[in-house]
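Every number for a ligand or one of its atoms is a count from 1 in the order of the listing. Hydrogens, waters and symmetry mates play no part in the numbers below; they use all other heavy atoms, side chains included. Just so it is clear, the model here is predicted, and its values are computed rather than measured.
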Amino acid sequence: MLVLGIETSCDETAAAVLEDGDKLRSSIVASQVSLHAEYGGVVPELASRRHLETILPVVEKALRDGGVTLGDLDGIAVTQGPGLVGSLLVGLSVAKAMAYSQRLPFVGINHLEGHIFAGFLQEPRPTYPFVALLVSGGHTALYHCPEPLHYRLLGKTRDDAAGEAFDKVAKLLGLGYPGGPIIERTAREGDPKTIPFPVAQFSDGAPDFSFSGLKTAVSLFVQKHRPLTPRLIADISASFQATVVKMLVRRTVRAALRERARRILVSGGVAANRPLREALQGEAEDRGFEIFIPPPALCTDNAAMIAAAGYARLLAGERADLTLNASADLKLAE
Ligand code: KG4
Ligand code: ZN
């Protein structure tokens, strides 16, 4: 079965062709980073306009690179939410038009479910049940996944998402946008033990996350130590990153132990972070968990993961109709 995936929820215009749920024929991602960089974050109006200009060339390239024509497809999967509504509508409109004109079945996919399905695009593939840590620019949450297409929310951030914290701290340090990859690079020259930033704790012991206190601590430190030297910027980056990694690893391990889960899947843009990947791998080896983290290009936003989730839903008989609408705050589970 050949599925075309389309993703336009934020600032990447992406399309991919996937065969039988796990054989990736093509995956095209057109990044808008340079468009938004000078504003220090994604500007929704600019994002939707750029999606509009880019979506058809991106879909055509995905089909061409995948060695297929529209007529070869068996179905279409498109991100329905959560995300920027104007951006989502671009992908949805194209998916609907193609599905209608080609008489193809199509499904709307929750972007977060897409991130989870990125874990099924490499060997070895996870088996159910597992605990999933989803860490991106808009979301930071833990889910229990007992069987395909079922999710239970275990814990989530009480304020900022992890990726958002990376982006805000990078801005504070004058490093640019997007913050995650820049902080990771800057931190390589620094010592993570220089500044003992606090890891938020909750008295109720919930496997929730919080990053706003850490962001404030970094901001206060920066104000006190101006002007910052490159050495200090590297040390702050390394100390901040180590604190985020510690929080993510601790809560994930706690949730997995509580659920008696033997497998952990980690995905979303921040899962591209090497120190986080290494810390999770180390913890998994020590405690005997099996860990699944997609390669970095599949952790950040892409359409291959949307096609993978779409394959599972189409196979389960799910069909959307032309009334399918974008949903900015679509939930994966309560
Ligand atoms: O999943 P994603 O591409 O988009 C959303 O669904 O939000 O995640 C983007 C987020 C951004 O906040 C970015 O700074 C962060 O992921 N990110 C990273 C790294 N690469 C991307 N954070 C830390 N380290 C990285 N290497
Ligand atoms: Zn994402």
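Under a hydrophobic-cluster definition in which Ile, Leu, Val, Met, Phe, Trp and Tyr are linked whenever side-chain heavy atoms come within less than 4.5 Å, directly or via other members, I306 and L73 are assigned to different clusters.
Distances between N or O atoms of H111 and those of ligand 1 include at least one value under 3.5 Å. Considering backbone and side-chain atoms alike, G180 places an N or O below 3.5 Å from some N or O of ligand 1. The shortest N or O to N or O distance between G163 and ligand 1 is under 3.5 Å. Checking only distances, G137 does come within under 3.5 Å of ligand 1, N or O to N or O. Residue T300 places no N or O, backbone or side chain, under 3.5 Å from any N or O of ligand 1.
In this structure, A47 and V42 approach most closely via the heavy-atom pair CB-CG1, 4.1 Å. Of all the heavy atoms in S267 and L298, the pair that sits closest is OG-O, 4.4 Å. Taking all atoms of both residues into account, the shortest heavy-atom contact from S9 to P82 is CB-O, 3.7 Å.
A donor-acceptor pair shorter than 3.5 Å cannot be found between the side chains of S212 and D160. At a cut-off of 3.5 Å, with distance as the only test, no side-chain donor of S327 or Q80 sits close to an acceptor on the other residue.
Proximity to N273 (heavy-atom distance under 4.0 Å) selects the following atoms of ligand 1: 23 (C), 24 (N), 25 (C), 26 (N). Within ligand 1, counting atoms from 1 as listed, the ones closer than 4.0 Å to a heavy atom of S136 are 1 (O), 5 (C), 6 (O), 7 (O), 8 (O). Interface atoms of ligand 1 facing G138, defined by a heavy-atom separation under 4.0 Å, are 7 (O).
Classified by interplanar angle (parallel below 30°, tilted 30° to 60°, perpendicular above 60°), the ring pair H115/H111 is perpendicular.
What sits closest to atom 3 (O) of ligand 1 on the protein, heavy atoms only, is D301 N, 3.0 Å. Here the protein heavy atom with the shortest distance to atom 26 (N) of ligand 1 is E184 OE1, 2.8 Å. From the protein, the heavy atom lying nearest to atom 11 (C) of ligand 1 is D167 OD2, 3.6 Å.
When heavy-atom distances to ligand 1 are checked against a 4.0 Å cut-off, R274 has no atom that comes that close, whether in backbone or side chain. At a 4.0 Å heavy-atom cut-off, ligand 1 touches H115 through the side chain alone.
The closest non-hydrogen atom to atom 21 (C) of ligand 1, taken over G179, A272, G269, comes from G269.
Under a cut-off of 6.0 angstrom, the local environment of CZ in R277 is crowded, with over 12 non-hydrogen atoms contributed by other residues, nucleotides or ligands.
Using a 4.0 Å cut-off between charged nitrogen and carboxylate oxygen, E164 and K168 count as a salt-bridge pair.
Residues forming a side-chain contact (heavy atoms from CB on, under 4.5 Å) with R158 (at least two apart in sequence, or on another chain): F202, D204, A206, D208.
Note that CG of L46 is 11.0 Å distant from NE2 of H51, once rounded to the nearest 0.5 Å.
If you look at the Zn ion (ligand 2), the protein N, O or S atoms less than 2.8 Å from it are H111 NE2, H115 NE2, D301 OD1.
Listed for the N110 side chain is a donor-acceptor partner under 3.5 Å among the backbone atoms of K331.
Ring pair F166/F240: centre-to-centre distance below 6.0 Å.
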